[in-house]
Amino acid sequence: MTEPIAQTEPRPAAAKRFLHLGAMQRLLAFGALIVLFVGFSLASPNFLQFDNVVGILLATTVNGVLALGVTFVIITGGIDLSVGTVMTLSAVTTAVFITNWHLPVLLGIMAGLVTGALSGMVNGTLIAKLKIPPFIATLGMLNVARGLALVFSGLRPIYFNDTPVFNQVAMGSLLGSIVPGFEVPNLVLVLFGAAVLASLALSKTVFGRYTFALGSNEEATRLSGVDVDAWKIGVYAVTGLFAGLAGVLIGARLNSAQPSLGLGYELEAIAAAVIGGTSLSGGEGTILGTVIGAFIISTLTNGLRILSVPQEWQTVVTGAIVILAVYLDIIRRRRQS
Amino acid sequence: MGALSTGEAKTSNAAARTEPDPALLTMTGISKSFLGVPVLRDVSFDLRPGEVHVLAGENGAGKSTLMKIAAGVHTDYEGEIALLGLPSRFSSPQDAAARGISVIHQEMSLIDSMSVVDNIFLGRELTRSGTARQWTDRSAQLRKAREFCEQLDLDIDLSRLVEDYSLSVKNRIEIAKALAFNARIFIMDEPTSALSGPEVDKLFGLIRQLKTRGCGIIYITHRMEEIYRIADRITVLRDGRHVGTAPAGQLSEPELIRWMIGRELSRHFPVRRTAIGAVRLEIDGLSVPKPGGTSTTKKSWLVREVSLSVRAGEIVGLAGLEGSGNTDLLRGIFGAYGKLEQGKVAIDGARFEIHSPRRSVQQGLAYLTNDRKGTGLILGLGLAENITLASLEAVSPALWMRRAMEWQVADRHVRALGIRAAGLWQEVATLSGGNQQKVALAKWIETRPGVLLLDEPTRGVDVGSKHEIYELMTQWTKDGFAILMITSEMPELLGLADRIVVMHRGRVTARFGRAEATQEKVLKAAMADEAV
């Protein structure tokens with residue numbers, strides 16, 4: 001026996017409120033970024049220097065690319081804790097290909113990307129087929145990738161000393177050669193290029209549509225004849241692919257693959273997505289928001305450093321901001337229902 | 001006056017002394033509505049010590065709502081509740097439980113991964129005295145629990161985990177738990193739905209013991225045979241109203257059925273003059289096992305050896321009360337339970353292996369779920385997105401979405417089905433029930449199915465939209481679709497279906513043609529234990 005399902009009358013007010021709240025989080029994040037910029041500029045004359053702003057952009061690239069990837073899984077209502085160490089594993093793979101095996105740089109980059117995507121596929125398979133909770137599956141992958149990175153590298157950093165072109169291309173400036181004085185490193189362009197691709201994938205493809213559908217109501221999606229397992233594996237593979245790209249980027253930037261790096265990156269990436277309005281309960285999120293979120297984190301870190309706030313306090317502030325962002329999401333959800 | 005008001009409790013105690021049988025629970029003039037839709041209207045009900053009072057009625061009659069009010073789940077209602085003659089108002093389920101009202105759930109409220117004794121005392125652990133107040137007194141709990149179990153004739157190891165025991169034992173553990181809470185009023189909502197014959201006997205034995213202890217039992221069931229085995233009195237609800245209360249011995253079965261359905265076939269249904277074509281869906285001996293049951297020795301079944309067919313242009317009604325397995329049959333055919341090993345299914349004459357919803361959609365099946373908000377629609381997405389969800393890969397072959405085409409498709413359905421919305425972008429969460437249902441239907445029509453499996457196509461839909469949905473179904477049969485439909489509304493079933501197949505406990509118990517079907521016959525078949 002069931003109670004009659006109550007009718008939901010059209011409630012334009014509710015609709016408006018919802019749209020309002022959804023856009024608000026993004027607006028809030030953007031506003032926060034502006035406030036940070038203005039605040040730090042007033043606090044220190046060193047902040048709004050061209051070199052410092054480029055520094056912020058550069059510092060955002062790796063975390064930004066990781067955050068782009070992680071946005072996809074969070075929208076499906078999942079999580080990927082392994083992106084940081086998968087990034088490291090990808091960097092090491094690239095280095096092993098290029099430096100140890102003397103293979104062409106492009107092949108090494110491909111190997112890094114493939115490593116990331118494969119790790120993601122393993123995650124996705126564990127989650128979709130074996131029904132292991134995303135948190136646990138990717139926590140396991142975090143350690144597997146971390147261990148493999150150490151094994152493949154022989155516990156030592158691998159330098160790209162034989163192939164200076166790798167670092168040169170990454171840190172060179174295509175923009176600077178077109179607009180003299182505007183020396184923005186190519187790495188930053190990669191971030192924006194990746195963001196555009198991610199945004200298109202999310203808003204213009206069937207893949208993106210299913211990503212949202214999975215996060216909003218997986219059972220309804222399954223009962224609509226969508227192969228949810230396959231698409232879920234695909235989503236985790238895409239997240240892994242972005243982690244692989246981040247690995248290539250960090251390798252190029254540091255001119256080396258550092259096998260002990262990577263832990264903690266996953267949390268910063270998740271933080272960027274959440275600050276940008278991606279809901280941890282799934283079904284909601286935008287690439288633009290994630291990019292803004294990533295910039296907020298690196299701006300904050302940069303500004304606090306300029307103000308000579310000790311590193312450990314910077315970490316405290318970042319943590320507090322993540323909690324605040326999640327809390328805002330919870331408030332929003334509560335009002336929605 | 002002052003003396004009178006302070007002595008109110010005493011007065012009723014005195015009354016209790018003079019009157020031998022004060023009611024354990026009296027509910028007077030209870031009304032309740034959900035978001036403006038009344039579900040209970042001025043219902044009265046009482047329970048005496050030592051009796052089993054059966055609460056009967058069709059799906060949606062208001063039985064569960066009434067019991068949820070009695071158990072403190074719903075706290076905003078109109079009317080009066082008295083416990084042992086004292087006016088009472090429960091603030092929460094915990095409050096009701098503390099005052100001796102215990103609900104034995106359809107789904108157990110026991111925690112599988114905890115021991116029997118820990119379950120019995122969950123939320124009211126016996127503690128040591130003095131400084132060790134925070135420590136549970138395990139030996140006292142064991143001693144007490146053993147006492148309760150002995151009273152219930154339940155010989156089990158109290159330290160073992162609950163999950164080690166069968167459903168029927170769990171059922172009795174739950175009752176032991178209620179005794180530990182000093183419960184005097186037991187609300188049992190379909191307690192036998194998952195029990196076998198001998199297990200039912202054991203439960204009934206236990207109920208008789210509870211009666212001799214002066215407890216009262218409110219018993220909800222859809223099974224006619226049980227009503228007459230266990231009931232002392234019967235109360236019937238219909239459409240949220242109290243139809244009547246009578247001692248079980250004085251209420252004959254036909255009379256009881258008349259009380260339960262009692263309404264006229266007043267609604268008008270479109271006249272369908274459709275040429276019935278070839279068989280589109282054929283099911284032969286299909287069984288659906290309970291998911292998760294891996295043990296091969298004790299497989300339990302949701303659906304057992306059902307055969308039926310639906311022809312082009314035909315509407316077949318699949319009747320059955322809750323738990324009859326009719327929904328499971330539709331879900332099973334659609335592949336929601338994955339591969340099914342027993343039974344054959346053919347679509348348009350071609351053998352079809354049930355595998356997954358995806359495969360079924362490709363084969364031309366469409367399944368409208370009975371839970372629009374939970375499993376039918378994606379509430380956070382827009383109208384167009386929902387309409388194309390099941391056919392997205394067909395609309396966008398290269399996986400690059402063609403938004404313009406998607407909107408064209410959606411727009412066509414919005415017009416054809418008369419969906420009223422502000423625009424194609426509108427979130428379906430903000431549409432009315434009727435329009436939401438039409439969106440869910442549009443999603444399936446766009447897949448161009450041959451067979452429509454419709455589970456409660458008009459549930460929670462206003463009268464106007466209901467008629468529009470009837471018209472649409474009529475149109476679709478003209479277009480050659482075959483429709484297999486579940487509805488718990490009798491008039492709808494009798495008014496729309498060309499043939500009616502009735503299920504009970506996973507099996508088909510009766511089949512009727514349009515002309516021979518009556519409400520009484522259908523309901524009788526739906527309640528009977530293996531009648532055919």
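Every heavy atom of this structure was used, including side-chain atoms; hydrogens, water molecules and symmetry mates were not. All figures in this text were calculated on a predicted structure; none of them were measured in a lab. Here is the naming used below: chain letters follow the sequence lines, and residue numbers restart at 1 for every chain.
Heavy-atom distances place no part of Thr447(B) under 4.5 Å from chain A, backbone and side chain included. The contact between Glu406(B) and chain A is made entirely by side chain atoms (from C-beta outward), counting heavy-atom distances below 4.5 Å. There is no contact between Leu365(B) and chain A, counting heavy-atom distances below 4.5 Å. Using a 4.5 Å cut-off between heavy atoms, Arg402(B) does not touch chain A at all. Neither the backbone nor the side chain of Gln362(B) comes within contact range of chain A, judged by heavy atoms closer than 4.5 Å. Contacts between Thr388(B) and chain A at a heavy-atom distance below 4.5 Å involve the side chain alone, from C-beta outward.
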Show every donor-acceptor pair shorter than 3.5 Å between a side-chain atom in residues 123-141 of chain A and any protein atom, with sequence neighbours excluded, or say none if there are none.
{"unit_1": "Asn123(A)", "atom_1": "ND2", "unit_2": "Ser82(A)", "atom_2": "OG", "d": "3.0"}
{"unit_1": "Thr125(A)", "atom_1": "OG1", "unit_2": "Met121(A)", "atom_2": "O", "d": "2.7"}
{"unit_1": "Lys131(A)", "atom_1": "NZ", "unit_2": "Ala128(A)", "atom_2": "O", "d": "2.7"}
{"unit_1": "Thr138(A)", "atom_1": "OG1", "unit_2": "Leu81(A)", "atom_2": "N", "d": "3.1"}
{"unit_1": "Thr138(A)", "atom_1": "OG1", "unit_2": "Pro134(A)", "atom_2": "O", "d": "2.8"}

Pairs under 3.5 angstrom only: tabulate donor-acceptor contacts from the side chains of residues 269-277 of chain A to other protein residues two or more places apart or in another chain.
none

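Ranked by non-hydrogen atom pairs under 4.5 Å with chain A, the options Leu399(B), Asn386(B), Thr369(B) are led by Leu399(B). Annotation: maximal heavy-atom pairing with chain B below 4.5 Å, among Arg209(A), Glu219(A), Glu218(A), occurs at Arg209(A). When Val228(A), Asp227(A), Val226(A) are compared by the number of non-hydrogen pairs under 4.5 Å with chain B, Asp227(A) comes out ahead. Of all the listed residues (Arg358(B), Met401(B), Arg420(B)), the one sharing the greatest number of non-hydrogen pairs under 4.5 Å with chain A is Met401(B). Across Ala421(B), Gly374(B), Gly376(B), Gly335(B), the residue that shares the most heavy-atom pairs under 4.5 angstrom with chain A is Gly374(B).
Within 6.0 Å of CZ on Phe207(A) lie more than 12 heavy atoms contributed by other residues, nucleotides or ligands.
Of all the heavy atoms in Leu389(B) and Ala220(A), the pair that sits closest is CD2-O, 4.5 Å. For Ala213(A) against Ile378(B), the heavy-atom pair with the smallest separation is CB-CD1, 3.5 Å. Looking at every heavy atom in both residues, Trp400(B) comes nearest to Thr205(A) through CE3-CG2, 3.7 Å.
Side-chain contact check for Leu379(B) versus Asn217(A): every heavy-atom pair is 4.5 Å or farther apart. Under the 4.5 Å side-chain criterion, counting only non-hydrogen atoms from C-beta, Thr375(B) is not in contact with Arg222(A).
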